[in-house]
Amino acid sequence: MEAEYKSIADTVLDIMWLRSLMIEMGQIQKEIPTMWSDSSSDVSMSMNPVDHAKTKHIDLDVHFVREKVSEKLVQINYVPALY
């Protein structure tokens, strides 16, 4: 779960960078970017403000992603994985 959440945090960081670049170029983003994850625990952790003992290694990433989700700058949805 840590590796998946770290990749979500890295992607959210890239989305924020692209968003600021587009604003500098005069492009206004009308829709909230949506990320899809096949980990339901990662999706619920990104929306749940309660800290868990299992998140102590990824604490900064959790807070960063939660902040961006609560500000409606990014949306994280669950998609079932096909095996």
Side-chain angles (χ1 to χ4, degrees):
M1 184 178 89
E2 285 182 40
E4 289 174 341
Y5 206 84
K6 178 64 177 159
S7 68
I8 288 174
D10 290 343
T11 305
V12 169
L13 184 62
D14 289 342
I15 289 171
M16 294 299 103
W17 179 80
L18 286 170
R19 184 177 184 273
S20 69
L21 179 66
M22 296 298 286
I23 289 172
E24 286 180 21
M25 293 179 1
Q27 299 294 318
I28 303 299
Q29 182 180 7
K30 296 178 182 168
E31 295 181 13
I32 299 173
T34 302
M35 291 181 53
W36 297 92
S37 176
D38 64 349
S39 173
S40 60
S41 59
D42 288 340
V43 174
S44 64
M45 192 171 24
S46 70
M47 292 183 248
N48 187 0
V50 178
D51 289 329
H52 300 283
K54 296 179 182 180
T55 64
K56 65 182 179 180
H57 298 292
I58 54 172
D59 204 27
L60 289 175
D61 292 332
V62 170
H63 291 295
F64 173 71
V65 172
R66 281 184 193 158
E67 177 183 316
K68 299 306 175 192
V69 169
S70 68
E71 292 173 355
K72 303 275 191 239
L73 295 176
V74 69
Q75 181 179 4
I76 302 173
N77 291 338
Y78 174 73
V79 62
L82 301 175
Y83 293 100

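FYI, the numbering just counts along the sequence from 1. No hydrogens, no waters, no symmetry mates; every other heavy atom, side chains included, goes into these values.
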ask   = Got a second to check how far L13's CG is from I8's CD1, nearest 0.5 Å?
value = 13.5 Å
N/O donor-acceptor pairs under 3.5 Å from side chains in residues 70-82, not counting sequence neighbours:
| residue | atom | partner | partner atom | Å |
| --- | --- | --- | --- | --- |
| S70 | OG | R66 | O | 3.2 |
| S70 | OG | E67 | O | 2.9 |
| Q75 | NE2 | N77 | OD1 | 3.4 |

key: Pairs flagged by salt bridge (charged side-chain N to carboxylate O under 4.0 Å, His left out) wherever residues 7-25 is involved - sequence neighbours left out   = K6-D10
remark   = CD1 of I15 to CE of M35, rounded to nearest 0.5 Å, is 5.5 Å
Partners passing side chain to side chain donor-acceptor pair (under 3.5 Å) against S37 (at least two apart in sequence or in another chain) = none
inquiry  = As an exercise, state the distance from CD of Q29 to CE of M22, rounded to the nearest 0.5 Å.
reply    = 8.0 Å
request  = Please answer: with hydrophobic residues joined when any side-chain heavy atoms are less than 4.5 Å apart, are M25 and W17 in the same cluster?
outcome  = yes
Nearest heavy-atom neighbours spanning S44 and S41 = OG-O, 3.1 Å
